[in-house]
Amino acid sequence: MADTLTITDNRTGRQYEVPITNGTIRALDLRQIKLNPDEFGLMTYDPAFQNTASCISRITFIDGDKGILRYRGYPIEQLAEHSTFIETSYLLLNGELPTATELESWTGRLNQHLTLHENIKKFMEGFRYDAHPMGIFLSTVGALSTFYPEAKLIFDEEARHTQIARLIAKVPSIAGYAYRHSLGQPYIYPDPELSFIGNFHAMLFKRVGSQYTSDPVLERALDVLFILHADHEQNCSTSAMRGIGSSQTDPYVSLAGAAAALYGPLHGGANEAVLRMLAEIGTVKNVPAFVKKVKDGEGRLMGFGHRVYKSYDPRAKVIKQTAYQVFEVTGTSPLLDVALELERIALQDDYFVSRRLYPNVDFYSGLIYEAMGFKPSIFPVLFAIGRTVGWIAQWQEMLLDKDQKIARPRQIYLGEQERNFVPINERIKTEP
Ligand code: CMC
């Protein structure tokens, strides 16, 4: 017998059988519950979508209570140990790990698309010298839409695959230009002869006229960080990507919107905020006073807590190990001790324990980026490079999903009922 939920409407005494599939009921099945036939029917109220599945997905699995994260079934820990970002991007987009030939062809395809149109440089020059790299990044990704009008052919498989490769290849180049712009340094052109990460390092750190070789440990660490950030199911920015894309916009403007959502300090902007917080705390002896301020409601402990994880974020575990490998090359950060002390206190303090607040992916990533020589303002952009793959994989899944339509939530209207327009000279000032 199929699983069903029996609902009794106490207002009418009527009973309804609602099918349960995959642990969910369909919200539209509630619409039949009404007092009168001309009524709209019952809806659910779920601000911030805390208990609403907006799609069926086969990309990323999270069990927040157990601290499990898998891409296409593969545990994140195994991918972080054995895979590369390029290979993982293929996996997320196509559902399977590539063969050696497929990987070679995917890498070659990305290398073809690293270069940015020359006018992008002029476009970037319009930004003020102190423009935040994330603002430059998301604007430039949106501007790419005007360079590739064929990107509007989102249901043409070949055209879509071209835009997908372009986006994944070009976001590091945009990030490189945005970073150099914020430093007032000349842009470095991408070099397809280098590895994906080696090229990115060079675009950021190379001195004009000199050779640049990135350290293999740091290169691998950034590769791992990009893998860890690549997808995270229906988070705020991915929901934005799906929501914007549901009106059939091209992927560049959808991705610009997703990047804008990521920019906020509660999401991908948290890594930058963590570093600023650690710098503000300064030394280990100031940690207890800072924790007290957080508990008194004066701000949040950035890099802690998660909507889905109610145990240690599995990405944070991998990042913590990676941090030690990086520090062996770069020397340790003075802020590491502050971070470790914060974590130690928070993990035994009832405020954090009772709310199940644990370090998330952003708690240690900023320390690694800083040790690698990145300025804090580029941290959210680094997150965006990795997450671009997830945004696109989720966008494509949404486009091909017959259940999906333009995203359009309902509301509960509690404002004024109908009233007549009042001419301006008859209006009485109301106190706000
Ligand atoms: N510091 C102090 N208190 C916190 C924190 C925190 N970081 N996070 C949650 N709380 C408290 C919150 O005040 C609330 O307490 P009370 O029940 O007394 O009102 C309770 O915990 C539940 O918080 P919430 O706001 O309902 O939780 P949420 O699921 O809506 O928010 C979150 C999740 C990530 C936005 C939040 O934990 C937060 O603001 N964390 C800091 C920012 C951060 O690190 N963001 C990166 C998230 S991971 C990367 C990504 O995927 O974006």
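All values below come from the heavy atoms of this structure, side chains included, with hydrogens, waters and symmetry mates left out.
- A donor-acceptor contact closer than 3.5 angstrom is absent between the side chains of T238 and Q394.
- Put simply, the side chain of E280 reaches to within 4.5 Å of the side chain of F290, judged on heavy atoms.
- Between L93 and W106, some side-chain heavy-atom pair lies under the 4.5 Å cut-off.
- For the residue pair D231/T60, the side-chain donor-acceptor check at 3.5 Å is satisfied.
- Between E343 and K320 there is a salt bridge, since at least one side-chain N of the basic residue sits less than 4.0 Å from a carboxylate O of the acidic one.
- In terms of heavy-atom proximity, A240 sits nearest to G257 at CB-O, 4.3 Å.
- Counted by atom type alone, S195 and E219 present one or more donor-acceptor pairs between their side chains at under 3.5 Å.
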Audit row: R242, E397, salt bridge (charged side-chain N to carboxylate O under 4.0 Å, His left out) steps and yes/no: CA-CA 9 Å; R242 280 180 174 260; E397 186 176 63; 2.7 Å; yes
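- Using a 4.0 Å cut-off between a side-chain N of Lys or Arg and a carboxylate O of Asp or Glu, E118 and K121 qualify as a salt bridge.
- More than 12 heavy atoms of other residues, nucleotides or ligands lie within 6.0 Å of CD in Q50, so this atom counts as buried by the packing criterion.
- Taking 4.5 Å as the limit, some side-chain heavy atom of L167 sits within range of a side-chain heavy atom of V141.
- For H117 and F123, the ring centers are positioned 6.0 Å apart or more.
- Judged by distance alone, the side chains of H181 and Y129 never bring a donor and an acceptor atom under 3.5 Å apart.
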Test ring-ring contact (aromatic ring centres under 6.0 Å, His included) on H267 and H232 and set out the steps. CA-CA 12 Å; H267 194 6; H232 213 232; 9.0 Å; no
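- Atom CG of D130 has more than 12 heavy atoms from other residues, nucleotides or ligands within 6.0 Å.
- Of the charged side-chain nitrogens involved, at least one lies within less than 4.0 Å of a carboxylate oxygen, so that K295 and D349 count as a salt-bridged pair.
- Checked by atom type and distance alone, the side chain of S333 never pairs as donor or acceptor with a backbone atom of A371 at under 3.5 Å.
- Looking only at side-chain heavy atoms (C-beta outward), R387 and F226 stay at 4.5 Å or farther from each other.
- Proximity of M398 to D401: side-chain heavy atoms (C-beta onward) are nowhere separated by under 4.5 Å.
- By the neighbour-count criterion of 12 heavy atoms within 6.0 Å, atom OH of Y45 is sparsely surrounded, having that number or fewer from other residues, nucleotides or ligands.
- Between P75 and I68 the shortest side-chain heavy-atom distance does not fall below 4.5 Å.
- Other residues, nucleotides and ligands contribute only 12 or fewer heavy atoms inside 6.0 Å of the CD1 atom of I56.
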Checking salt bridge (charged side-chain N to carboxylate O under 4.0 Å, His left out) for the pair E150/R166: CA distance, chi angles, key distance, verdict? CA-CA 12 Å; E150 75 278 15; R166 273 194 184 131; 3.0 Å; yes
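- The closest side-chain donor-acceptor pair between Q163 and Y252 falls under 3.5 angstrom.
- Partner Y369 forms a ring-ring contact (aromatic ring centres under 6.0 Å, His included) with one of F379, F383, Y364 and no other, that one being F379.
- Using a 4.5 Å cut-off on side-chain heavy atoms (C-beta onward), I281 and M277 make contact.
- The aromatic ring centres of F304 and F363 sit less than 6.0 Å apart.
- Under the 6.0 Å distance and 45° angle rule, R207 does not count as a cation-pi partner of F205.
- Between Y71 and T88, some side-chain heavy-atom pair lies under the 4.5 Å cut-off.
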Decide yes or no on salt bridge (charged side-chain N to carboxylate O under 4.0 Å, His left out) for R160 and E157, but give the supporting numbers first. CA-CA 5 Å; R160 194 173 63 240; E157 197 177 340; 5.2 Å; no
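- Under a cut-off of 6.0 angstrom, the local environment of CG in D296 is crowded, with over 12 non-hydrogen atoms contributed by other residues, nucleotides or ligands.
- Environment of CD in E102: crowded, with over 12 heavy atoms of neighbouring residues, nucleotides or ligands closer than 6.0 Å.
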